[in-house]
Amino acid sequence: FITSVFTGSDLIHWLSTRLKISEEEHTEAIKLAILICQYGYFFPVGDSKSLNVKEDTSLYRFQKPYFWPSQYADPDNASYAIYLVKRSMRNKQKHGLDDHELANLQKLETMLCDKWDYIVTQAKDQVKIAKEKKRADKALNDAQERAFWRIHRPPHGCIKTLEEGPKRNFQPSQMAARRKKNKDLFYCELQHLRRSVNICRVKTSKAIENLENFALQYFELDPMFSPPLPSNPWISDDTTFWEISKTNTEVPMEQTVRKWSYSLQALLSDLRGRHEFETFLLKEYSHENFAFWMACEELKFCRQSEVFNRVHKIAEEFLTTGSASEINIDSRCAELVKQNMKLPKPNRFTFDSAQEQIFSLMKKDTYQRFIRSDQYKNLLANAVQPGGKKKFFSFGSRKKNMLTPSPKPKRRGSSGNDGDLENPAVAHHSYSTGNLRELDDKQPTIMSDTSPSLVARRSLRSPQESPRRSKQLEVPRHSSSNVHSAAETSRLDSASTACLAIAVPSKTNVVAPWEGVD
């Protein structure tokens, strides 16, 4: 006899009402009920071996809060051994152990042989206390314990639904260092703290501002906020979105081409964008920087047996004086590369400092020229629109004899540019007298790094306010890992949500950074 029970149909109806689940999504309520049952927040009364919820008159009961996963995340083997010994001492007809429980009891008796007397004493005390309880309380407590261990120690062949964090495996050298605090360990700790002090930190307000800019920039590309067009292939039979999103298509998608203008990293992370950027650099006769960057990326992911040969090949092709593809790096960076080359075994990260410098040069020079080039404008004008809207005008492809923009070289000894002080990213153009008429019609488009919608158009004769000053950013009310729009934030605040606690690793599994690396 167990009190306070409810049926499966009442449970599913209660979830649908509380979470406002419509009749069309009735199966979602059933799946949610099964998931909550598998996590141990309620259990079936009659059947202790199954954790499925049926929409019928089968009975269920809420679990005691003491046995919730948020309160009792990871029980140890000693508690499980006490539970099995306690059941073996009681009536075998009602509380007899199953085959897998008998096997687990034998293993635990071997593992915990040093504390087995303590386990048996605890089990006897708990049996003695249970005899003093009422019959209803005794039956309820047995059902709750059996449901709890059914989840944390499931039978063979059953899936354990609770997720466990990674367990830290300590090396013997680390354990020895933790036992004795000698002079060398304190010196390593002091050096680690000194390096931590010199690390550049970011203010919280700046981090929130960057997070907001990133959310605004990728809002249209996130399928959670903007449904993919023409349809979502995961919930429909239309696979058009997958076909037009392939990297080997003849005409890329418009969202993909616009994403290239966000940053150089977004351009290089896309295979089609990387190919278009390489084609542009071959036309500009400045392909050596991109080739060096690609060679360093291939070096990081090649086989260990190929690292030595690839390192010397990259150094001979790009860093040797007078070579056909010699790159331009400063003396400090070249000295770091030479020191890494003198090591007995050069590693995958020999050219990291040179790669970072070359990436910065491409970001400031060649990437800006690619975004303003006719090649990128034609790709954007002829790109595929998933919505099915057809473009009747293609202004980018009709213009001929467009001037190729080139950055103004900085003269030695000059204090700076005197053409555009507010926005140094805008390159200076040189026009002949025959093309003066185009100056009134042409307005360069400046793509900001903060958001794709933040576009400022300025005339060369009348410069206006900088795009960074034209949009004032506001700090959001809530600092959260998920960024929502205003309508969705109000909806999420009003809706009732259920939270599951996550088990936090104990302090005994944490190793200090200065105590060595696994």
Side-chain angles (χ1 to χ4, degrees), residues 1-8 10-11 33 36-54 57-158 160-162 164 500-501 503 506:
F1 179 74
I2 298 178
T3 59
S4 303
V5 296
F6 48 86
T7 61
D10 293 338
L11 172 63
I36 297 175
C37 181
Q38 292 177 352
Y39 269 84
Y41 287 96
F42 56 83
F43 60 93
V45 174
D47 188 8
S48 61
K49 297 182 180 180
S50 177
L51 295 177
N52 291 327
V53 178
K54 302 177 182 179
T57 58
S58 56
L59 300 179
Y60 302 87
R61 191 189 191 281
F62 280 107
Q63 181 64 281
K64 186 191 298 185
Y66 175 77
F67 293 122
W68 286 357
S70 56
Q71 303 292 336
Y72 211 124
D74 190 12
D76 54 357
N77 291 327
S79 302
Y80 185 50
I82 294 173
Y83 166 73
L84 294 179
V85 172
K86 181 176 61 175
R87 283 184 55 188
S88 63
M89 293 179 179
R90 302 179 67 179
N91 187 3
K92 294 183 180 181
Q93 186 176 0
K94 292 183 178 180
H95 307 284
L97 299 178
D98 298 334
D99 295 337
H100 73 279
E101 292 177 337
L102 289 172
N104 292 337
L105 181 60
Q106 294 177 0
K107 292 180 181 179
L108 290 174
E109 187 175 359
T110 306
M111 292 172 53
L112 307 174
C113 58
D114 55 337
K115 56 174 73 173
W116 194 251
D117 294 337
Y118 166 77
I119 291 173
V120 174
T121 305
Q122 289 289 328
K124 289 181 179 180
D125 294 341
Q126 292 187 14
V127 171
K128 185 177 180 180
I129 295 173
K131 290 181 180 179
E132 299 176 358
K133 293 183 179 180
K134 296 180 180 180
R135 186 174 182 180
D137 296 340
K138 193 187 304 183
L140 177 60
N141 191 24
D142 293 341
Q144 290 173 341
E145 277 190 328
R146 187 167 296 189
F148 173 78
W149 290 112
R150 167 64 178 81
I151 294 172
H152 290 275
R153 297 293 189 273
H156 297 291
C158 298
K160 188 175 181 180
T161 55
L162 294 179
E164 295 182 357
L500 293 179
S506 61

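Computation of the quantities below employed the complete heavy-atom set of this structure, encompassing side-chain atoms and omitting hydrogens, waters and symmetry-equivalent molecules.
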Under 6.0 Å between ring centres, would you say that holds for Phe148 and Phe43?
no
Shortest non-hydrogen contact from [X] to [Y]?
{"X": "Leu97", "Y": "Ser88", "result": "CD1-CB, 4.2 Å"}
{"X": "Pro69", "Y": "Tyr41", "result": "CD-CZ, 3.7 Å"}
{"X": "Ala81", "Y": "Trp116", "result": "CB-CZ3, 4.1 Å"}

With rounding to the nearest 0.5 angstrom, report the [atom1] to [atom2] distance, [X] to [Y].
{"X": "Arg90", "Y": "Lys86", "atom1": "CZ", "atom2": "NZ", "value": "7.0 Å"}
{"X": "Lys107", "Y": "Leu84", "atom1": "NZ", "atom2": "CG", "value": "12.5 Å"}
{"X": "Asp137", "Y": "Asp142", "atom1": "CG", "atom2": "CG", "value": "11.0 Å"}
{"X": "Ile151", "Y": "Gln63", "atom1": "CD1", "atom2": "CD", "value": "7.0 Å"}
{"X": "Leu108", "Y": "Arg153", "atom1": "CG", "atom2": "CZ", "value": "8.0 Å"}
{"X": "Cys113", "Y": "Ile119", "atom1": "SG", "atom2": "CD1", "value": "10.0 Å"}

His100 backbone acceptor or donor facing Asn104 side chain under 3.5 Å
yes
Side-chain heavy atoms of [X] within contact of [Y], under 4.5 Å:
{"X": "Cys37", "Y": "Pro44", "result": "yes"}
{"X": "Leu140", "Y": "Lys64", "result": "no"}
{"X": "Arg150", "Y": "Pro155", "result": "yes"}
{"X": "Thr110", "Y": "Gln106", "result": "no"}
{"X": "Phe67", "Y": "Pro75", "result": "no"}

Do Met89 and Val120 pass the side chain to side chain contact (heavy atoms under 4.5 Å, CB included) test, and can you show the C-alpha distance, the side-chain angles, and the key distance before you say yes or no?
CA-CA 10 Å; Met89 293 179 179; Val120 174; 3.9 Å; yes
More than 12 heavy atoms from other groups under 6.0 Å of [atom1] on [X]:
{"X": "Asp98", "atom1": "CG", "result": "yes"}
{"X": "Phe6", "atom1": "CZ", "result": "yes"}
{"X": "Lys138", "atom1": "NZ", "result": "yes"}

side-chain hydrogen bond (donor to acceptor under 3.5 Å, both in side chains) partners for Thr7, two or more places apart:
Ser9, Asp10
Salt bridge or not between Arg87 and Glu145? Use side-chain N to carboxylate O under 4.0 Å.
no
Would you please classify the geometry between the Phe62 ring and the Phe42 ring as parallel, tilted or perpendicular, with 30° and 60° separating the classes?
perpendicular
Salt bridge (Lys or Arg N to Asp or Glu O under 4.0 Å) against Arg61, all qualifying residues, sequence neighbours excluded
none
